[in-house]
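Worksheet: one structure, shown below.
Throughout, a chain's letter reflects where its sequence line sits, starting with A, and its residues are numbered from 1. For clarity, every value in this text was computed on a predicted model and none was experimentally measured.
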2 protein chains.
Amino acid sequence: MDVIPPQQVVAQAEALCHRRGVRLTAQRRQVLEILSGAGRPLGAYEILGAMRDGSRLLAPPTVYRALDFLLQQGLVHKLESLHAFVGCNHPEHPHFSQFLICADCGQVTELEDAAISQSLASAASESGFRPQRPVVEMIGTCAECAGKAGLDPSDET
Amino acid sequence: MDVIPPQQVVAQAEALCHRRGVRLTAQRRQVLEILSGAGRPLGAYEILGAMRDGSRLLAPPTVYRALDFLLQQGLVHKLESLHAFVGCNHPEHPHFSQFLICADCGQVTELEDAAISQSLASAASESGFRPQRPVVEMIGTCAECAGKAGLDPSDET
DNA sequence: AGAAGGTACGTTATACTGTAGCATTCATGG
DNA sequence: CCATGAATGCTACAGTATAACGTACCTTCT
């Protein structure tokens, strides 16, 4: 669906990092490529498996470090409810995203809904709370899966 | 602050479970008491530690099962970004909650903001998505911590 | 070029979080 | 009392994440 060609994602990331004066190293780029190419959320250890260079398997901190960098730069997002990571669709302009996660097929849709962001931000500031990192995820059933099997949810086991 | 007396919480839970025809067993009640009394999020293993009966330490599935039950009944919430659990402030009427989590002092505030719930629900249904479980958390700095140390964030180490 | 300092990487070990599976006990209704 | 299903106890293990420390590399300044 919204799978953007990894090359394009990487080129964009390259430009962004250069502009910011941070280094998109080979390893970080590789993680970004893997995530962009997957088109679905990947766990850290899945990424790690895809990074194997020849027969050598890298250690967990390697991938977590690359992910930390990409998260900081807004190039990937973490889905807290899945313990998994996805590439960001629009890294150019950092912003608050929301995610629709299908519990059936695993597909994830990234939203960028101003009403959600604003209502959350204003609710926070009403409490004197200073927002830093939002986590907004909705677990449910995507349109396609709802159409296939969800018309009558009364017969679920 | 919003620490409701555990006894009151338990009494309310008792009534609720009775009305629903489910069993609030001693163990489940104990987990609820521990969470309500803590006034802050607790990890599953922290709860487990607090549950020790004499010198005997229980095994992880015990606490996870009790938590599963309490989550189903809406008596506790899980904070996905913390891998931790909190007692629910208003279990009577099941609803969607949001959480403000202070990264500094760890304090958590449960909100019940209709604007957030509605904007999230309508964004989801615009995509044909059928919502089931929302995860809405804001990590940031609470009013108290912002007042103490956050006036000039430029001198952070 | 050479030295200094910081960033990134490799690796080991381990901590933390969560679940599968199976035996046992307990409460409940016939 | 017995049958049934729910709840518990327990072992073992799977999955997620980080601490700590040493090494390589890149940049900058002299």
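Distance Gln30(B) CD to dA7(D) P: 17 Å, rounded to the nearest Å. Going from atom OH of Tyr45(B) over to atom P of dA17(D) covers 15 Å, rounded to whole Å. Spacing between atom CZ of Arg56(A) and atom P of dC9(C) amounts to 13 Å, rounded to whole angstrom units. Rounded to a whole Å, the CG atom of Asp68(A) is 10 Å from the P atom of dA19(D). The CG atom of Leu67(A) sits 15 Å away from the P atom of dA8(C) (whole-angstrom rounding). In this structure, Arg52(B) atom CZ and dC10(D) atom P are separated by 13 Å, rounded to whole Å. One atom, CG of Leu24(A), and another, P of dC9(C), lie 10 Å apart when rounded to the nearest Å. Atom pair Leu42(B):CG and dC16(C):P shows a separation of 15 Å (rounding to whole Å applied).
Hydrophobic clustering, with ILVMFWY side chains joined whenever heavy atoms are under 4.5 angstrom apart, keeps Ile139(B) apart from Ile116(A). Hydrophobic clustering (ILVMFWY, side-chain heavy atoms < 4.5 Å, transitive): Ile47(A) and Leu75(A) are in one cluster. No continuous path of hydrophobic side-chain contacts links Val135(B) to Leu120(B) [ILVMFWY only; heavy atoms under 4.5 Å].
At least one side-chain nitrogen or oxygen of His83(A) sits closer than 4.0 Å to the OP1 or OP2 atom of dA17(D). Residue Tyr64(B) has no polar side-chain atom (N or O) positioned under 4.0 Å from OP1 or OP2 of dT19(C). Here Gln27(A) reaches the OP1 or OP2 of dC9(C): one of its side-chain N or O atoms lies under 4.0 Å away. Taking only side-chain nitrogens and oxygens, Lys78(A) comes nearer than 4.0 Å to OP1 or OP2 of dA17(D).
Under 3.5 Å, the side chains of Ser81(B) and Glu80(A) contain no donor-acceptor pair of N or O atoms.
Residue Thr62(A) is classed as a base contact, given a heavy-atom separation below 4.0 Å to a base. Among the protein residues, Arg65(A) comes within range of the nucleic acid bases, having at least one heavy atom under 4.0 Å from a base atom. Phe69(A) comes within 4.0 angstrom of no nucleic acid atom, judged by non-hydrogen atoms across all strands.
In this structure, the nucleotide among dA8(C), dG18(C), dT11(C) sitting nearest to the side chain of Thr25(A) is dA8(C). For Ala44(B), counting side-chain heavy atoms from C-beta on, the closest listed nucleotide (dG10(C), dA7(D), dG18(C)) is dG18(C). Closest to the Leu58(A) side chain, of the nucleotides dG10(C), dC10(D), dT17(C), is dG10(C).
The aromatic rings of Tyr64(B) and Tyr45(B) lie perpendicular to each other, with more than 60° between the two planes, well past the 30° mark.
DNA chain D is contacted by both Arg23(B) and Arg23(A); Arg23(B) maps to the nucleotide lying nearer its 5′ end (nearest heavy atom per residue). Nearest-nucleotide mapping onto DNA chain C: of Pro60(A) and Gly43(B), the residue sitting toward the 5' end is Pro60(A).
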